[in-house]
Every structure is written in C-alpha cells, then in structure tokens.
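Shown next, in structure tokens, is the structure this report addresses.
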Amino acid sequence: MSFMECRKFELTLISANDLEDVRKLFKMKVYAKVSIGGNPETEKRTPADKHGEINPAWNFHMTYTVGESAVRHYGTMLVIKLYCKRKLGDRYIGEVHTPVKELFDRAFMSGGGSPVVSFPVKKGSVDSQGLLNFSYRRLDCPTPTLIAPFIAIHSWFVTAGAHCSI
C-alpha cells in the first residue's frame, strides 16, 4: 500500500452561451459530462437544461478529489463535454479541456476560489461555437489518503469516489 496526499475541488457548471444549434427541428436540451483525464470512472453529468436551448444554464455543483501529482503537472485535464439530449441518441456539441494544475494555480493566487471563468467550446482541434462558463474552488484535503496497490503503478489515476482521483 502507498499513501498519497490529495486535493479536493468543487466545480460549478454555470452555463454556456451561443452554442452551435445541433438540433434544427426541435428544442435543444443540453447537458454536460465532466471527467478528469477523460476517464469514464470519474464522469459526472449535469441534468439537461430544457429551456435555454443554445444558452443552457445548470448552476450544477460537483466535487472531485485528485492526487497531488495532478496539481503539480500539466498532464491531467478537466474535460467537459456538451451534448444535446435526443430520443434516437444524443448529439455531441463540443468540449472544453483545461489542466487541473492551472485551476489549482489560479485558485491559489485568488485565495482558494475563482470568479466565473469562460472557455471556448471546441470540436476537435478548432473552436466550435460558444463559451462554457464555470467557477471552481479548492477544498483542501490535508491528510494522506490510502491508495490501493494497483493504483501506485500508474503515473496518474482517477476515481470519482472519496479516494484520490489522480
């Protein structure tokens, strides 16, 4: 068994503005899937906004716990993917990626939290249409958390539970 210091942070997905209309005939019902490093085990999802269409609003809070390595290195990304809910399969709108380290660095400089930040929504390597707005704040986890032995062989790891995510 090994021990690793971990850090918690709260993410609030607030809204998106001027998204691409991927559903021409009916109303768009937009939701977001959030994960650390794109790992499905850490995925959390907002409810679908049924009224805002290309300007959805969620004000949805979620908490993640990440290992110290995610806070010290740029390789671990917060991934937020936007989808339009449909009966015949949901349609991808775009996504935002930002390093977890960058969020923690900004939070440290601002005393633990952030005002609302906005990132362009991307589809592939190019800007799509729209902005995603969210806020976040650090919730320190000062005591070491026990990590399972198989986790120690990875340079980063992710779970959405009470143990360190990365």
Side-chain angles (χ1 to χ4, degrees), residues 6-67 70-71 73-107 110 112-139 154 156-166:
C6 53
R7 305 276 184 231
K8 282 185 171 184
F9 70 99
E10 180 183 70
L11 176 70
T12 302
L13 284 184
I14 298 169
S15 64
N17 303 95
D18 196 30
L19 295 175
E20 177 184 359
D21 188 349
V22 297
R23 189 159 190 187
K24 306 294 184 206
L25 296 177
F26 300 100
K27 288 179 85 172
M28 282 188 31
K29 297 174 191 122
V30 179
Y31 67 92
K33 288 183 181 180
V34 181
S35 65
I36 305 291
N39 184 329
E41 291 180 19
T42 65
E43 190 172 279
K44 296 179 183 183
R45 180 181 158 170
T46 68
D49 176 280
K50 298 177 182 175
H51 305 290
E53 298 198 50
I54 64 170
N55 299 301
W58 305 283
N59 201 31
F60 188 79
H61 305 279
M62 54 189 78
T63 303
Y64 280 97
T65 305
V66 295
V71 176
H73 307 288
Y74 281 101
T76 305
M77 304 296 274
L78 173 69
V79 179
I80 305 169
K81 295 183 179 184
L82 301 177
Y83 293 89
C84 174
K85 187 174 180 158
R86 300 182 334 151
K87 288 185 182 181
L88 297 174
D90 297 348
R91 185 164 285 165
Y92 174 76
I93 298 170
E95 61 193 76
V96 168
H97 291 236
T98 188
V100 171
K101 178 186 180 352
E102 194 173 292
L103 297 177
F104 271 79
D105 287 349
R106 283 185 187 179
S110 66
S114 82
V116 175
V117 293
S118 298
F119 287 91
V121 176
K122 297 186 178 214
K123 219 177 209 178
S125 62
V126 298
D127 284 349
S128 183
Q129 183 176 330
L131 288 174
L132 178 67
N133 309 300
F134 65 90
S135 65
Y136 58 93
R137 66 186 180 112
R138 272 180 29 184
L139 306 169
H154 299 289
W156 60 271
F157 57 95
V158 183
T159 62
H163 298 289
C164 289
S165 299
I166 298 185

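One is the number of the first residue; the rest follow in order along the sequence. Just so you know, these numbers come straight off a predicted model, no measurement behind them.
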Look only at the side chain of [X] and the backbone of [Y], and say whether a donor-acceptor pair between them is shorter than 3.5 Å.
X     : Y     : result
Arg23 : Met28 : no
Trp58 : Val30 : yes
Thr46 : Ala32 : yes
Asn55 : Asp18 : yes

**Item:** Sole residue of Phe104, Phe134, Tyr136 in ring-ring contact (aromatic ring centres under 6.0 Å, His included) with Phe9
**Value:**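 Only match with Phe9 under ring-ring contact (aromatic ring centres under 6.0 Å, His included): Phe104.
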Between [atom1] of [X] and [atom2] of [Y], what distance do you get to the nearest 0.5 Å?
X     : Y      : atom1 : atom2 : answer
Ser35 : Glu41  : OG    : CD    : 11.0 Å
Arg7  : Arg138 : CZ    : CZ    : 6.5 Å
Glu20 : Arg91  : CD    : CZ    : 9.5 Å
Glu43 : Lys81  : CD    : NZ    : 8.0 Å
Asp21 : Lys27  : CG    : NZ    : 12.0 Å
Leu13 : Ile80  : CG    : CD1   : 5.0 Å

**Request:** In sequence, state the C-alpha distance, the side-chain angles, and the governing distance for Ile14 and Ser135, and then conclude on side-chain contact (heavy atoms from CB on, under 4.5 Å).
**Result:** CA-CA 7 Å; Ile14 298 169; Ser135 65; 4.1 Å; yes
Side chains of [X] and [Y]: does their closest heavy-atom pair fall under 4.5 Å?
X      : Y      : value
Leu132 : Ser118 : no
Thr76  : Pro99  : no
Lys123 : Tyr92  : yes
Asp105 : Tyr74  : yes
Tyr64  : Val34  : yes
Phe26  : Arg86  : no
Pro56  : Leu19  : yes
Leu11  : Phe60  : no

**Message:** For Lys87, I'd like to know if atom NZ has over 12 heavy atoms of other residues, nucleotides or ligands within 6.0 Å.
**Reply:**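 Open: at most 12 neighbouring heavy atoms sit under 6.0 Å from NZ of Lys87.
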**More than 12 heavy atoms of other groups within 6.0 Å of Lys101 NZ** =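 Above 12, so yes.
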**Stepwise side-chain contact (heavy atoms from CB on, under 4.5 Å) test for Val79 and Lys33** = CA-CA 8 Å; Val79 179; Lys33 288 183 181 180; over 6 Å; no
**Prompt:** Going through the distances and angles, do Val121 and Leu131 end up as a side-chain contact (heavy atoms from CB on, under 4.5 Å)?
**Reply:** CA-CA 5 Å; Val121 176; Leu131 288 174; 5.7 Å; no
**Message:** Before you tell me yes or no, could you show the steps for Phe119 and Thr98 under side-chain contact (heavy atoms from CB on, under 4.5 Å), namely the whole-Å CA-CA distance, both residues' side-chain angles and the distance that decides it to 0.1 Å?
**Reply:** CA-CA 9 Å; Phe119 287 91; Thr98 188; 3.8 Å; yes
**Message:** If I compare all heavy atoms of Asp90 with all of Lys85, which pair ends up nearest, and what's the gap?
**Reply:**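 Closest pair (atom of Asp90, atom of Lys85, distance): OD1-CA, 3.4 Å.
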**Asked** Do the side-chain N and O atoms of Glu95 and His97 include a donor-acceptor pair separated by under 3.5 angstrom?
**Response**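 There is such a pair (donor and acceptor under 3.5 Å, judged by atom type) between the side chains of Glu95 and His97.
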**Message:** Would you say Asn133 and Asn17 are linked by a side-chain donor-acceptor pair, where the criterion is simply a distance under 3.5 Å?
**Reply:**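 Side chains of Asn17 and Asn133: pair found under 3.5 Å.
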**Request:** Tell me, please, which residues at least two apart from Lys50 pass side-chain contact (heavy atoms from CB on, under 4.5 Å).
**Result:**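 Per chain and number, Lys50 pairs via side-chain contact (heavy atoms from CB on, under 4.5 Å) with Lys29.
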**Asked** Do Tyr83 and Tyr31 have ring centres separated by under 6.0 Å?
**Response**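 Aromatic pair counts; centres sit under 6.0 Å.
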